[in-house]
Amino acid sequence: MNQTLIRNLLYTLGAVLLILVVIFLARPNEFSSVEETNPNDKAESFFRSQSEGEGYTIDPYYLEGAKTLFSAEGDFLSFEQILAKAKTGELNLVSELWTLRRQCPDGSTREQCHEYIKAFLKNEYSESDANRLIQLLTNYLKYESAMVDLDTTSKSFSNYEKYEKVKELRRKIFSKEDADLIFGLEEATADFSFNRKNFLEETKNLSADERIRQYDVFRKKSFGNYYNALVAREPKFDRFETEMELRQAELSKLSPKDRENKEKEIRISYFGKDGNERMEKVLKEIKEEEEKISRLEQEEKKFLNQNPNLSPADREKKIMDIRSTILGSKELAEEYTRRIEYERTLKNQSE
């Protein structure tokens, strides 16, 4: 595929999304939400759960749309701006498309919604340009249908292998350039997540400062052109948690007092003195709660060992009395009971 054709394809993709915005603005009173399942959620679901033995999880934040198709002044972005922002991760084309799709006229079927789009394109653009735009949209619809049929549930494949199947499918339907433009940030995020565990293992013996420096190098290499946009919108608390994780080995070697002072210093560097005070209050409450639970578990174990022959009803009543006394009220005891029963159910289901 020559460079001119590639450029035309990229331009036309930006045009599809730009025109969708025009539709949305032109008919604001006719649009309301339409229930529709995004087949791309199948791919995203690979990163939302922790996989035993693979040790990774991706914050869904990185898979969310980044910016609107409008500029700060309220004007439309140009095709060049849309392409540039998509290439750097400032604009998530799939997210923008789905936001607009949900605004199709009330009662529209999936097919009807797309016909509104196609009709507008044919009315607004020359025949050749409209056909190119419609072809790009058609390819995305083919991808969605193919994703529904793609089997990604088999336990015989690792999550990495499953995601490779998704990437392979995308490049069967889209050109490489179009696939990179549409799914590039998501795929970079996936690669980063798949390799993060190895990075943490390989750098575990480095000093905390050097480990943090290399982590940033690792992220820059993983995200490439998306790095600056990623950092610009990364929540401050996420950065704080990452630094705490990377410093964990070093912190664990400090005395309790020195560790407390170091953690306080880090919190202040991110959130200021007021933010640190609020966090210390929460940490104190969490510590008190953990101490209560630890004491409760010890008391329950002691009681059960000393009273092995109680009837189930008497045992349940006595256990609830212990929980009420230690946790402070019957309501808190009942809430705790529901929580551990729920956790037990989840554990049994996963086995």
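We count residues from 1, following the sequence as given. Below, each value reflects all heavy atoms present in this structure, side chains not excepted, and no hydrogens, waters or symmetry copies.
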Hey, is the main chain of K142 close enough, under 3.5 Å, to the side chain of S145 for a donor-acceptor pair? no
Start with the C-alpha gap between K204 and E201, add the side-chain angles, then the distance that decides, and say whether salt bridge (charged side-chain N to carboxylate O under 4.0 Å, His left out) holds. CA-CA 5 Å; K204 64 182 180 181; E201 178 64 25; 2.7 Å; yes
Holding to side-chain contact (heavy atoms from CB on, under 4.5 Å), I want the full list of residues that pass it with N205, two or more places apart in sequence or in another chain. none
Salt bridge (charged side-chain N to carboxylate O under 4.0 Å, His left out): pairs with one or both residues in residues 207-217, sequence neighbours excluded: D209-R247, E210-R213, D216-K220
Once you measure the plane-to-plane angle for F174 and F183, does it fall in the parallel (<30°), tilted (30-60°) or perpendicular (>60°) bin? perpendicular
When hydrophobic residues are tied together by side-chain contacts of less than 4.5 Å, even through go-betweens, does F192 share a cluster with I212? yes
Using a 3.5 Å distance criterion without hydrogens, assess whether the side chain of T88 forms a donor-acceptor pair with backbone atoms of K85. yes
Is there a side-chain contact between F199 and Q214 in this structure, where contact means two heavy atoms from C-beta onward sitting under 4.5 Å apart? yes
Kindly write out the residues that satisfy side chain to side chain donor-acceptor pair (under 3.5 Å) with D258, not counting sequence neighbours, or none if the list is empty. S255
Closest approach of N159 and F194, non-hydrogen atoms and distance? O-CZ, 3.8 Å
Quick one: salt bridge (charged side-chain N to carboxylate O under 4.0 Å, His left out) partners of E245, sequence neighbours excluded? R196
For residues M320 and A333, report the shortest heavy-atom separation together with the two atoms involved. SD-CB, 3.6 Å
Apply side-chain contact (heavy atoms from CB on, under 4.5 Å) to E343 and list each qualifying residue two or more places apart in sequence or on a separate chain. R339, I340
L332: partners by side-chain contact (heavy atoms from CB on, under 4.5 Å), with sequence neighbours left out: L327, S329, E335
salt_bridge(E341, R338) N-O dist < 4.0 Å: no
Would you say K318 has more than 12 foreign heavy atoms packed within less than 6.0 Å of its NZ? no
Any L246 side-chain heavy atom under 4.5 Å of L200 side chain: yes
Do I326 and L304 share a hydrophobic cluster (ILVMFWY, side-chain heavy atoms under 4.5 Å, transitive)? yes
Between F223 and T189, is there a side-chain heavy-atom distance shorter than 4.5 Å? yes
Are the side chain of T203 and the backbone N or O of L206 linked by a donor-acceptor pair below 3.5 Å? no
Would you call E288 and K281 a salt bridge, using N to O less than 4.0 angstrom? no
Between the side chains of E186 and Y163, does any donor sit under 3.5 Å from an acceptor? yes
Pairs meeting criterion side-chain hydrogen bond (donor to acceptor under 3.5 Å, both in side chains) with involvement of residues 301-316, two or more places apart: S311-D314
Taking side chain as C-beta onward, heavy atoms only, is K287 less than 4.5 Å from L283? no
Show me the donor-acceptor pairs within less than 3.5 Å that the side chains of residues 262-271 make with the rest of the protein, sequence neighbours left out.
unit_1 : atom_1 : unit_2 : atom_2 : d
K262   : NZ     : E265   : OE2    : 3.4
E263   : OE2    : R259   : NE     : 2.9
R267   : NE     : N276   : OD1    : 2.7
R267   : NH2    : N276   : OD1    : 3.3
R267   : NH2    : E280   : OE2    : 3.3
S269   : OG     : I266   : O      : 2.5
Y270   : OH     : E243   : OE1    : 2.5

Give the C-alpha distance, both sets of side-chain angles, the deciding distance and a yes or no for salt bridge (charged side-chain N to carboxylate O under 4.0 Å, His left out) between D180 and R171. CA-CA 9 Å; D180 290 344; R171 282 152 184 80; 2.9 Å; yes
Show the numbers, then the answer: is there a side-chain contact (heavy atoms from CB on, under 4.5 Å) between N139 and Y143? CA-CA 6 Å; N139 283 343; Y143 164 70; over 6 Å; no
Identify the two heavy atoms, one from K87 and one from Y226, that lie closest to each other, and give their separation to 0.1 Å. O-CE2, 3.2 Å
List the atom pairs, with distances to 0.1 Å, where a side-chain N or O of residues 291-300 and a protein N or O form a donor-acceptor pair under 3.5 Å, not counting sequence neighbours.
unit_1 : atom_1 : unit_2 : atom_2 : d
E300   : OE1    : R323   : NH2    : 3.4
E300   : OE2    : R323   : NE     : 2.6
E300   : OE2    : R323   : NH2    : 3.4

Chi angles and distances behind the salt bridge (charged side-chain N to carboxylate O under 4.0 Å, His left out) call for R278, D274: CA-CA 6 Å; R278 292 192 295 270; D274 290 343; 5.3 Å; no
Close side-chain approach of F218 to N195, heavy-atom, < 4.5 Å: yes
K330 bridged to D321 by N-O distance under 4.0 Å: no
Test side-chain contact (heavy atoms from CB on, under 4.5 Å) on L169 and K165; report intermediate values, then the result. CA-CA 6 Å; L169 172 64; K165 290 175 65 177; over 6 Å; no
V231 vs R239, test: side-chain contact (heavy atoms from CB on, under 4.5 Å). Steps then yes/no. CA-CA 9 Å; V231 171; R239 298 199 300 273; 5.5 Å; no
Whether E90 side chain and A229 backbone form a donor-acceptor pair below 3.5 Å: no
Counting C-beta onward and ignoring hydrogens, is there a side-chain heavy-atom pair between L230 and R219 closer than 4.5 Å? yes
Only pairs at least two apart or in different chains count here, so list each ring-ring contact (aromatic ring centres under 6.0 Å, His included) that has a residue in residues 305-335. none
According to salt bridge (charged side-chain N to carboxylate O under 4.0 Å, His left out), who are the partners of K172, at least two apart in sequence or on a separate chain? E168
Quick note, ring-ring contact (aromatic ring centres under 6.0 Å, His included) partners involving residues 294-344, not counting sequence neighbours, are none
